[in-house]
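Accompanying notes for the structure given below.
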Amino acid sequence: MSARINALLPAALIRIFAFAGFFSAAILLVNAAKRAGIIPTSPFTQLAAPLAQVAAIGLVIGAYVVMSRPAGALATSGAVLSVTSLAGLVGVEFVLNLVFPYIGQDVIAVLRAGPLGIALTVVSLVFLLGTVVFMLALWRTSNVPKAVVILYTLSSVPIALRTVFPETVLQLGLVGLAVAAAFLAFWILRNVPRASNNVSQQLAEQRITPLPGTSGRSPTGGYSPPRNRSRVWPLKH
């Protein structure tokens, strides 16, 4: 599946996905610094917070298409869940950064007790499930360093379950996820040429297809078109 998608995506676009991962890592570090009080909360930091999830969508897609082996159902399921949940987390971040800071705690409590609370919980759980499944697929079908996979997975737990863990653990999770995302983006950049070459070779092999009724191979092993069996008589002057 990933090889077919890679055939449709130019290497330049895959590199853009990788740089999106670096951008996501940078925003995650900004979010961690904001929550720790290292940098002040401002309209810029509040507006930038959801961009981490937007850029992470590109990171997941980039990792999916450059897997070392064709991605099976496990990788496809993990990628779909991850992309879907990250899209939902964009809305979550907008609510947390652009709505909750401007309303009272009693109103927030009422909102969390209603459908909004259910939506936040569902999106967070789907994000955690998608991350675990996709990282397991990367562990099994790619040469991503195992330490990066473990760090990415563990760092996602306090982010998905932010209401359960203390604030310090959440900040460490943001930093850990930023580091893992940066390493994963670097891995994508290193594997783009290899993935492109593999796809090019597969496409070349598909073009050399024997015609019906012919062997399709010359004595040297390459493809040779069928010979014209009609006799050409010399012209008379």
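For this chain, numbers begin at 1 and follow the sequence in order.
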I'd like to know whether L177 forms a side chain to side chain contact (heavy atoms under 4.5 Å, CB included) with L174, so could you lay out the CA-CA distance, the side-chain angles of the two residues, the decisive distance to 0.1 Å, and finally the verdict. CA-CA 5 Å; L177 189 61; L174 291 172; 5.8 Å; no
Residues, nucleotides or ligands: over 12 heavy atoms within 6.0 Å of F186 CZ: no
Closest heavy-atom pair, I57 versus A87, reported as atoms and distance to 0.1 Å, is CD1-N, 4.1 Å
Of all heavy-atom pairs linking S85 and F127, the shortest is OG-CA, 3.2 Å
Quick one, F100 and R112 - any side-chain contact, counting heavy atoms below 4.5 Å? yes
Closest non-hydrogen atom pair between A25 and A178, with its separation: CB-O, 3.2 Å
Tell me, do F134 and V60 make a side-chain contact under 4.5 Å, heavy atoms counted? yes
I need the K34 NZ to L29 CG distance, nearest 0.5 Å. 13.0 Å
Please determine whether side chain to side chain contact (heavy atoms under 4.5 Å, CB included) holds for the pair L136 and V149, giving the CA-CA distance in whole Å, both sets of side-chain angles, and the decisive distance to 0.1 Å. CA-CA 8 Å; L136 179 60; V149 175; over 6 Å; no
Would you check if L111 and I103 make a side-chain contact, meaning some heavy-atom pair closer than 4.5 Å? yes
Applying the 4.5 Å side-chain criterion to the ILVMFWY set and letting contacts propagate, would L47 and V54 be lumped into a single cluster? yes
L59 and I188: side chain to side chain contact (heavy atoms under 4.5 Å, CB included), yes or no, with the steps? CA-CA 9 Å; L59 177 66; I188 294 174; 3.8 Å; yes
Point-to-point distance, once rounded to the nearest 0.5 Å, from CG of L125 to CG of L81: 12.0 Å
Y152/T131 under side chain to side chain contact (heavy atoms under 4.5 Å, CB included): CA gap, chis, key distance, verdict: CA-CA 8 Å; Y152 195 106; T131 298; 3.7 Å; yes
Between T76 and Y64, is the side chain to side chain donor-acceptor pair (under 3.5 Å) condition met? List the steps. CA-CA 8 Å; T76 303; Y64 177 75; 2.9 Å; yes
Quick check: is L89 connected to L116 through a chain of hydrophobic side chains (ILVMFWY, heavy atoms under 4.5 Å apart)? yes
Residues E93 and R162 bridged, charged N to O under 4.0 Å: yes
Using atom types as modelled and distance alone, determine if a side-chain donor or acceptor of S77 lies under 3.5 Å from a backbone N or O of L74. no
How about F183: does its CZ atom have over 12 heavy atoms from other parts shown lying under 6.0 Å from it? no
V66 vs F17 side-chain heavy atoms within contact, under 4.5 Å: no
Same cluster (ILVMFWY, side-chain, under 4.5 Å), F165 and L129: no
Would the distance check show the side chain of Q46 and the main-chain N or O of N97 forming a donor-acceptor pair, the cut-off being under 3.5 Å? yes
In Å and rounded to the nearest 0.5 Å, what is the CG to CE distance from L154 to M135? 11.5 Å
Applying a strict under-4.5 Å side-chain criterion to I, L, V, M, F, W and Y, I'd like to know whether I16 and I61 cluster together. yes
Considering all heavy atoms of both residues, which atom of P101 and which atom of V95 are nearest to each other, and what is their separation? CD-O, 4.4 Å
Could you tell me if the side chain of V110 sits less than 4.5 Å from the side chain of V107, heavy atoms only? no
Identify the heavy atoms of A52 and S24 that sit nearest to each other, and give their distance. O-OG, 2.8 Å
V126 and I118: same hydrophobic cluster, using ILVMFWY side-chain contacts below 4.5 Å? yes
Minimum heavy-atom separation for A32 to V175, with atom names? CB-CG2, 3.9 Å
Is there a donor-acceptor contact under 3.5 Å from the side chain of T45 to the main chain of T41? no
Spatial distance of atom CD (Q53) from atom OG (S82) [nearest 0.5 Å]: 12.5 Å
How about I14 and V65: do any of their side-chain heavy atoms sit closer than 4.5 Å? yes
Are L184 and W187 side-chain neighbours, meaning at least one heavy-atom pair lies under 4.5 Å? yes
Is it the case that the side chain of T84 and the backbone of V80 share a donor-acceptor pair, with hydrogens and angles ignored and the cut-off at 3.5 Å? yes
Any side-chain heavy-atom pair of V99 and I108 under 4.5 Å: no
Sidechain-backbone polar pair: Q171 side chain, R35 backbone, donor-acceptor under 3.5 Å: yes
Could you give the distance from CD1 (I27) to CG (N31), rounded to the nearest 0.5 Å? 7.0 Å
For F19, does the CZ atom have more than 12 heavy-atom neighbours from other residues, nucleotides or ligands under 6.0 Å away? no
Backbone N or O of L161 within a donor-acceptor pair of the S124 side chain at under 3.5 Å? no
To the closest 0.5 Å, what do you measure between OG (S156) and CG (L151)? 9.0 Å
